[in-house]
Amino acid sequence: MGNKISIGLLGLGVVGSGVIKLIENHQEKLVHQLGADVQVKSVLVRNLDKQRDVDLDRTFLTTNPDDVLNDPEIDLIIEVMGGIDEAREYILKAFSAKKHVVTANKDLVALHGPELQKAARKNKCDFYYEASVAGGIPILRGITEGLSSDRIRKVMGIVNGTTNYILTKMDQEGLSYEVALKQAQELGFAEADPTSDVEGLDAARKMAILARLSFSMDVDLEDVEVKGISDISLDDLKYASQLGYTMKLIGYADFRDRQLEVNVQPTMLAKNHPLASVSDEYNAVYVYGDAVGETMFYGPGAGSLPTATAITSDVVSVIKNMLLGVTGSQYVDPHFNKELKESDKCFGQFYVRLHVKDEVGVFSRISALFNELNISFKRILQNPIIKHEKAEIIVVTHQTSLENFQTALNHLNDLDAVMETKSYYKVEGDAEK
Ligand code: NDP
Ligand code: HSE
């Protein structure tokens, strides 16, 4: 390895450019930690003629992946090109050539993480992906190293900046969903196609990775139940606020009695919940461990330099492992067999907003239905909508099983007095505290 470490970069976009800048600007600190120069030797791009906002010798650029993957002087590959199939192929080639890999590619790690991990181990290579979840926040290290001695029970995350930005702007400035989304796109948080942001898939990918490492089991992307934010109305945000809650897109993973619940859904958080004050495009991950209790990790979930810090810290870890001769074992293999909770084992409080006929006895019929299912009410609001001779009823329940709540929703639709179930959301925390 000598006193120079050569890196191959796959991709030179937002994140790749940040990596070049960070390695350049923090070279002194890197040399101090590692006793070696860290240099990017070769960079794969699609278009050699594109204008770049980094100071890089153009002869380093190539459109041929083999120039990077087959270069014997390169020990370590950073994959920041995105996409699934080519990225997967190149990373597997890198492992076969005994090169370590660092990636920011959440889509790839969520889908093929276990396969890539296995290939890394087989070839005695390191495979790190800190930047794939919550950009600049060192959450994967926090979980796998900082909390390695604890038993993690619950992980809740605001892990998508675009949706957090949209909900913040709708809630605090009354912007419409469309205008807030447009702003998020202009500011560069949203994916090229923002569907995966607003429909919760981007957050689901990150939750699959988080749950895998937190609970030491092979969690697949399909195990994560997903509901996005595109249906949320300003009315629901207004009622949430009136009741003492803030709406957030929450990734939720809970592991009890060796059973896992993992989902992404808009959730009304009590304003005193640690995650409720995370605004704009910021991310945060709340982790509850048996011994440590509540912890929270907060910071930028995307962006060129924040994401580059996560990648470059992974690079430092890989190089330290190389120096110690201990590569290939950074994340432990899954310890538990996966068993997902059925809906009768998933508990929560729920908000439901109904439009009902404005007539005598309607509320008592709704109340009787919830009573039968043993669901008690925590908060109730009722507003007449005089022009349309109907009323709006908002109910927040106490803890109940998801199964019971879903049964209640089904039976509500059968009640003659209920005209429409406008919306329903999970509720976390106690707004009255
Ligand atoms: P960009 O689109 O800005 O950059 C992608 C780069 O990869 C470009 O330089 C492009 O080349 C190159 N590239 C893409 N496909 C190919 C290909 N088939 N062959 C050769 N070169 C290719 O993406 P980002 O930098 O924003 O994201 C990179 C990765 O980091 C993604 O996996 C993303 O999910 C992840 N990530 C991004 C964050 C962010 O804040 N942007 C945050 C956390 C993770 P060219 O420049 O010539 O077009
Ligand atoms: N589109 C993503 C977000 C980028 O909004 O969080 C970072 O993964």
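Remember, it's a predicted structure, so these values are computed and weren't measured experimentally. Each ligand, and each atom within it, is numbered from 1 in the order the structure gives. Position 1 is the first residue of the sequence, and the numbers go up from there.
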Residues passing the salt bridge (Lys or Arg N to Asp or Glu O under 4.0 Å) test with Lys106, sequence neighbours excluded, are Glu191, Asp202
Provide the number and element of each atom of ligand 2 under 4.0 Å from a heavy atom of Asp197.
-> 1 (N), 2 (C), 3 (C), 5 (O)
Could you tell me whether the side chain of Glu79 and the main chain of Met81 form a donor-acceptor pair under 3.5 Å?
-> yes
When distances are taken from atom 5 (O) of ligand 2, the protein heavy atom at minimum range is Thr162 OG1, 2.6 Å
Examine Lys99 relative to Tyr90 and say whether NZ or CZ is less than 6.0 Å from the centre of the six-membered ring and inside a 45° cone about the ring axis.
-> no
Do Tyr288 and Tyr286 have ring centres separated by under 6.0 Å?
-> no
Within-cut-off N or O pair, Phe189 and ligand 2, under 3.5 Å = yes
Run the contact test for Lys206 against ligand 2 with a 4.0 Å cut-off on heavy atoms, strictly below, and give the result.
-> yes
Can you pull out the closest protein heavy atom to atom 6 (O) of ligand 2? Residue, atom name and distance to 0.1 Å, please.
-> Gly161 N, 2.7 Å
the protein heavy atom lying closest to atom 8 (O) of ligand 2 turns out to be Lys106 NZ, 2.5 Å
Of all the heavy atoms in Gly301, does at least one lie under 4.0 Å from an atom in ligand 2?
-> yes
Aromatic rings Phe215 and Phe255: how do their planes relate, parallel, tilted or perpendicular, breaks at 30° and 60°?
-> tilted
Taking both backbone and side-chain atoms of Ala302, is any N or O found less than 3.5 Å from an N or O belonging to ligand 2?
-> no
How far does CG of Asn105 sit from CD1 of Ile91, to the nearest 0.5 angstrom?
-> 6.5 Å
Taking atom OG1 of Thr267 and atom CD of Glu428, what is their separation to the nearest 0.5 Å?
-> 6.5 Å
Is Glu392 salt-bridged to Lys422, cutoff N-O under 4.0 Å?
-> no
So is there a nitrogen or oxygen of Asn283 less than 3.5 Å from a nitrogen or oxygen in ligand 2?
-> no
Less than 4.0 Å between a side-chain N and a carboxylate O, is that true for Arg258 and Glu339?
-> no
To which protein heavy atom is atom 4 (C) of ligand 2 closest, and what is the distance rounded to 0.1 Å?
-> Glu191 OE2, 3.4 Å
Would you call the rings of Phe95 and Phe127 parallel, tilted or perpendicular if under 30° counts as parallel and over 60° as perpendicular?
-> perpendicular
Sub-6.0 Å ring centroid separation between Tyr424 and Phe350 = no
At a 4.0 angstrom heavy-atom cut-off, ligand 1 is contacted by Gly11, Leu12, Gly13, Val14, Val15, Leu44, Val45, Arg46, Asn47, Lys50, Arg52, Val80, Met81, Gly82, Glu86, Ala104, Asn105, Lys106, Ala131, Ala302, Gly303, Thr307
